[in-house]
Amino acid sequence: MSNTELSTTYNARETENEIYKFWEDNNCFKADAKSSKPAYSIVIPPPNVTGVLHMGHALDETLQDILVRYNRMLQKEVLWMPGCDHAGIATQNVIEKNLAREGKSRHDLGREKFLELTWDWANKHKDRILEQCKLLGASFDMSRRRFTLDEGCSNAVKKVFVDLYNKGLIYKGNYIVNWCPRCQSAISDVETNYETEDGHLWEISYALKDEMGAIVIATTRPETMFGDVAIAVNPKDYKYKDLIGKSCVMPLTGRVIPIIGDDYVDKSFGTGALKITPAHDPNDFEVGIRHNLPQIKVIDEKGCMMNNEYVPPQLQGLTREEARKKTVEMLESNQVLVRVTQHVHNVGKCQRCNTTIEPLLSRQWFVKMKPLAEPAIEAVKTGKIKFIPERWEKNYLMWMENIRDWCISRQLWWGHQIPAYYHNKTGEMVVALENPDPNNYTQDKDVLDTWFSSGLWPFETMGWPDTSHPDFKKFYPTTTLVTGFDIIFFWVARMITMGLEFTKQPPFSTVYIHGLIRDEHGQKMSKSKGNTIDPVDLIEKYGCDALRFTLTYLCTYGGQDIKISDEKFEFGRNFANKIWNASRFVLMNISKSKDELKLEPEKYTIADKWILNEFNKCAKTVNENLENYRIGEVATILYDFFRSKYCDWYVELSKIEKNEAVLVYVLENFLRLLHPIMPHITEAIWQKMPVKKDTIGILNTQYPQYDKKFDYNDDAVKMETVFETISALRNVRAEFNVPLGAKIDIIIDKNKELYSQIIPYLERLAKVNSVKFETNPAAEKSAFCTVNDTKITIPLAGLIDLNQEIARQQKKMDKLEKELNSIQARLKNQNFVQGAPKEVVEKAKTQKDELEKEINLIKETIKKLS
RNA sequence: GGGCGUUUAGCUCAGUUGGUAGAGCGCUUCCCUUACAAGGAAGAUGUCGGGAGUUCGAGCCUCUCAACGCCCACCA
């Protein structure tokens with residue numbers, strides 16, 4: 001990278017691969033736990049081993065990398081910890097699907113063989129997604145990469161489980177859980193999604209025992225009736241209250257069950273009477289506990305009717321769906337089906353496979369969440385942990401304040417096996433880090449919810465439980481957590497609770513929540529919809545920096561979802577190309593050596609002062625916005641500065657008169673400011689620049705800051721006048737179709753001091769032939785333009801159309817007058833003059849004066865023309 | 001049922017303490033002016049969802065209505 005020539009069009013891919021390799025070869029991303037510099041650390045939200053890179057990762061990783069690179073340039077010791085999640089159910093599903101293709105199930109292999117197979121697969125795919133992240137330019141420390149099932153994480157998981165158990169915060173018990181008959185496992189509440197479905201409400205008549213009459217209940221799930229243990233009515237319901245304490249006879253089976261009273265029953269819903277099936281409905285389960293009722297299971301783990309005394313023989317073994325149909329038929333032929341109505345209701349679905357959940361009575365492990373949630377609520381309320389944007393705090397708090405116990409056991413094989421051991425003969429249970437006696441004790445077959453281990457991610461990756469580990473000491477707690485709002489409950493909340501419980505510190509101080517990536521119609525991207533965009537394709541087509549810049553530009557502070565389409569990334573590509581070419585121009589036009597390129601304030605032109613002033617403002621706002629996580633704003637500011645200020649004006653002016661040192665200084669520092677967003681192109685150009693380099697690359701240079709010595713506001717204002725003049729003259733040329741080759745003469749009535757400085761600019765940029773200064777020039781056959789109080793006359797014999805010119809002037813005057821009217825109205829208002837801040841009033845007065853002057857100028861001009 | 005978000009130019013969206021609206025794409029006209037046509041110059045386009053209020057002044061604050069979207073809850 002020593003040649004100073006740059007190719008004419010920017011070849012993003014070639015450059016990016018080369019540059020990333022350069023950083024890797026130089027170990028640029030490696031964090032030093034022994035460094036004395038202040039620490040900045042981020043842990044990656046570990047992508048699933050099963051995963052391939054998608055747009056969500058692209059956004060998430062880009063934002064993290066921006067923060068990481070920014071802080072690295074602020075000269076902090078930066079650790080970005082990469083790694084993957086074993087993703088229990090998701091991974092097991094993939095492997096089982098592969099087996100199914102061979103006509104096998106996991107049971108054909110047995111646990112050991114199955115795990116062997118899964119490990120092979122996981123090892124093969126573990127680094128794939130992190131390798132893909134490198135295509136995004138991710139500057140994480142691969143030497144530290146972790147996996148939630150590696151030895152360190154497994155030890156942390158065991159320790160946490162045992163400690164929580166010993167503190168009484170983990171318990172095992174028979175409760176109703178969300179059971180997925182396809183995954184063959186319990187899942188937690190947050191893994192259950194509800195979908196609205198059209199169903200039926202069946203009203204079934206239960207005959208009273210030992211007397212005439214019947215009670216009619218309403219149900220959406222008649223097949224569960226065989227597990228009924230009571231009929232419940234509201235004690236305040238006059239229709240039924242006398243029946244409480246009596247019994248009824250169940251249709252089809254003849255079993256006798258009591259009628260009970262419970263406030264939970266809604267008098268106005270259905271028939272006002274409710275069958276109670278504790279083993280298959282969460283609410284009924286609660287009612288059953290209150291009334292000390294038995295729990296009768298009639299549906300098994302596969303979602304089929306059980307073969308037991310409660311289920312009629314002809315239904316045994318049928319699926320839930322078949323059994324429902326058959327049950328209804330049987331009820332009908334027994335003439336106990338009173339009525340069927342359409343009923344829209346919500347049905348729980350497994351988040352992983354969308355199978356309808358079966359609420360099932362089951363023996364599972366739970367974490368008692370209330371005591372853990374309290375400090376987690378406190379940490380957010382007191383501001384120890386801040387959410388950005390702030391509104392997510394409310395969301396988090398609401399969930400935390402209504403937290404329910406967390407079912408953590410899964411009937412899977414892939415995951416952390418629960419460290420509970422049962423005596424083979426006595427059944428005695430021991431919860432411990434190790435099996436007390438492998439000959440006599442057998443480990444619990446269940447594994448833990450994936451989120452149990454990812455909940456420990458910020459500290460289990462830093463050496464914990466060894467709190468003297470250098471990484472733990474240097475880099476924990478981490479600084480910022482970056483993620484989408486979709487996993488606040490699954491992951492963020494659990495990291496906070498676990499972090500506080502086990503390290504007594506919040507695992508991070510800021511949670512930066514961004515939106516989700518959607519397709520151009522606002523639809524969530526999914527493989528099944530076929531609307532996904534592959535970031536790898538985008539990188540191939542437009543380049544990684546283009547992808548990063550575009551995403552960043554679209555990522556606004558409010559954390560709105562981001563709609564994308566392929567073509568949107570042309571924006572970033574075009575910008576990269578612009579940067580490349582502008583840099584090419586600069587490098588081609590530098591004749592001085594790096595030692596000669598010194599800023600010499602005494603030689604600055606007003607243009608130099610203007611661009612230095614603009615850059616200085618740019619550096620200031622960029623830093624402020626990065627500090628406040630307004631990352632999209634940063635992209636906008638940098639884009640605007642580079643295109644509208646540096647390229648459109650300063651580079652153009654430099655073709656007339658150049659200060660090489662300023663040209664190079666501003667470019668180099670702009671590249672630094674941009675580096676966190678577009679790391680490769682900025683590094684590639686920087687390497688070729690004739691500047692002093694005492695770091696390996698641009699990535700560890702100092703991040704530019706506001707510098708008082710570059711405050712040149714007065715000159716900047718003058719320069720704006722120059723630009724306005726040039727634009728006004730160009731407008732005249734365009735308006736009257738002055739041929740490109742033709743030069744114009746202009747007569748300026750005042751402000752000679754400034755204009756005489758910039759005659760070469762006018763000549764080159766507005767194709768001016770001659771400049772005269774005259775207070776009252778002859779105005780015939782001329783066009784005019786006004787810039788503040790200055791009038792410029794442009795004789796255009798042969799081209800000028802007087803009416804057209806009058807109309808043009810009139811239009812400008814109308815616009816100015818409208819503005820003036822509004823300001824005048826304000827200034828006439830005593831309330832405004834007295835009530836508004838002094839500066840605002842002063843500003844309005846100045847504006848008024850300026851507007852009046854300019855309007856008078858135009859009026860005079862029009863008068864002369866007509 | 002509870003909570004949150006969105007509504008600004010044809011499209012996608014910015015708009016940080018209230019001071020009188022911007023970008024990208026698209027569109028019109030001109031230009032391959034030796035950094036860049038993935039470019040340059042000039043230009044058109046908005047009763048800031050409706051209504052009311054606070055204020056000297058509202059895209060921004062308050063209330064209300066409407067449409068769309070999301071989250072939580074889960075009355076069988």
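Letters A, B, ... are given to chains in the order of the sequence lines, protein chains preceding strands, and every chain is numbered from 1. Model, not experiment: these values are computed from the prediction.
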Looking only at heavy atoms, what is the nearest atom pair of A/R221 and A/P359, with distance? NH1-CD, 3.8 Å
May I ask you to say what A/K843 touches in the nucleic acid, namely base, sugar-phosphate or nothing, with a heavy-atom cut-off under 4.0 Å? nothing
Annotated protein contacts, base or backbone, on nucleotides 33-44 of chain B with a non-hydrogen cut-off under 4.0 Å, one of B, S, - each: --BB-BSSSSSS
C1' atoms of B/U45 and B/C27, separation to the nearest Å: 9 Å
Heavy atoms only, 4.0 Å cut-off, all strands: where does A/P282 land among base, sugar-phosphate and nothing? nothing
Say you pick atom P in B/G10 and the same atom in B/U28; how far apart are they, in whole Å? 16 Å
Side-chain contact check for A/H345: nearest option of B/A76, B/U16, B/C13 is B/A76
Separation of B/C13 P from A/D561 CG (nearest whole Å): 10 Å
Presence of salt bridge, A/D519 and A/K563, under 4.0 angstrom: no
By nearest-nucleotide position on RNA chain B, the 5'-leaning member of A/G558 and A/W392 is A/W392
Rounded to whole Å, how long is the line connecting atom CD1 of A/I637 with atom P of B/U16? 13 Å
Over how many whole Å does the gap from A/H280 atom NE2 to B/C74 atom P extend? 19 Å
Can you check whether A/H343 has a side-chain N or O nearer than 4.0 Å to OP1 or OP2 of B/A76? yes
At their closest point, which heavy atom of A/P222 faces which heavy atom of A/T327, and how far apart are they? O-CG2, 3.9 Å
Note: A/E197-A/K349 ion pair, threshold 4.0 Å (strictly below): yes
Starting from C1' on B/C70, measure out to CH2 on A/W399 and report it in whole angstrom. 18 Å
Separation of the P atoms in B/C61 and B/A23, to the nearest angstrom: 23 Å
Does any N or O donor sit under 3.5 Å from an N or O acceptor when you compare the side chain of A/N346 with the base of B/C74? yes
Tell me yes or no: between the side chains of A/D648 and A/S644, is some donor less than 3.5 Å from an acceptor? no
Taking B/G22 as the reference, what is the distance to B/C65 when you measure between their C1' atoms (whole Å, please)? 29 Å
Please classify the nucleic acid contact of A/K568 as base, sugar-phosphate, or nothing, using heavy-atom distances under 4.0 Å. sugar-phosphate
Separation of A/D266 atom CG from B/A76 atom P, in whole Å? 10 Å
With rounding to the closest Å, how many angstrom separate the P atoms on B/G59 and B/A21? 9 Å
With a 4.0 Å cutoff (strictly under), does any side-chain N or O of A/T636 reach OP1 or OP2 of B/A14? no
Atom pairs and distances, donor-acceptor, side-chain atoms in residues 553-561 of chain A, under 3.5 Å, two or more places apart:
{"unit_1": "A/D561", "atom_1": "OD1", "unit_2": "A/L516", "atom_2": "N", "d": "2.9"}
{"unit_1": "A/D561", "atom_1": "OD2", "unit_2": "A/R518", "atom_2": "NE", "d": "2.5"}
{"unit_1": "A/D561", "atom_1": "OD2", "unit_2": "A/R518", "atom_2": "NH2", "d": "3.0"}

Dot-bracket assigned to RNA chain B with the 3.5 Å Watson-Crick/G-U criterion, [ ] for crossing and | for other-strand pairs, is (((((((..((((.....[..)))).(((((.......))))).....(((((..]....))))))))))))....
Cut-off 3.5 Å, side chains only: do A/N829 and A/R826 have a donor facing an acceptor? no
Interatomic distance at P, B/A14 relative to B/U7, whole Å: 7 Å
Ring geometry between A/F642 and A/F670 (parallel below 30°, tilted from 30 to 60°, perpendicular above 60°): parallel
Do the numbers put A/K655 on top of the ring of A/F585, so that NZ or CZ is under 6.0 Å from the six-membered ring centre and no more than 45° off the axis? yes
Rounded to the Å, how far apart are A/F641 CZ and B/A23 P? 18 Å
Which listed nucleotide (B/A14, B/A73, B/U12) is nearest to the side chain of A/R404? B/A73
For RNA chain B, which residues of residues 822-834 of chain A approach it to below 4.0 angstrom with any heavy atom? A/R826, A/N829, A/N831, A/F832
I'd like the P distance from B/U62 over to B/A41, given in whole Å. 41 Å
Take atom P in B/G57 and the same atom in B/A66, then report the distance between them in whole Å. 29 Å
Short side-chain N/O contact from A/K563 to OP1 or OP2 of B/C13, under 4.0 Å: yes
With no hydrogens and no angle check, do the side chains of A/S727 and A/E724 hold a donor and an acceptor under 3.5 Å apart? no
Is there a donor-acceptor pair closer than 3.5 Å between any side-chain N or O of A/D545 and the backbone N or O of A/H680? yes
To the nearest angstrom, the CZ-C1' distance between A/F269 and B/G1 comes to 14 Å
Check every strand shown and say whether A/Y194 touches a base, only sugar-phosphate, or nothing at a heavy-atom separation below 4.0 Å. base
Among side-chain atoms of A/Y206 and A/D228, is any donor-acceptor pair under 3.5 angstrom? yes
Under the side-chain hydrogen bond (donor to acceptor under 3.5 Å, both in side chains) test, residues paired with A/E567 that sit two or more places apart: A/S565
Between A/R808 and A/E735, does any side-chain N to carboxylate O distance fall below 4.0 Å? no
Charged tip of A/R494 within 45° of A/W406 ring normal and under 6.0 Å: yes
Check each residue of residues 511-525 of chain A for a non-hydrogen atom within less than 4.0 Å of any atom in RNA chain B, then write out the ones that pass by number, or none. none
Main-chain N/O of A/P278 paired to A/D284 side chain as donor or acceptor, under 3.5 Å: no
How would you label the contact of A/T219 with the nucleic acid (heavy atoms, under 4.0 Å): base, sugar-phosphate, or nothing? sugar-phosphate
A/R324 CZ to B/A76 C1', straight-line distance once rounded to whole Å: 12 Å
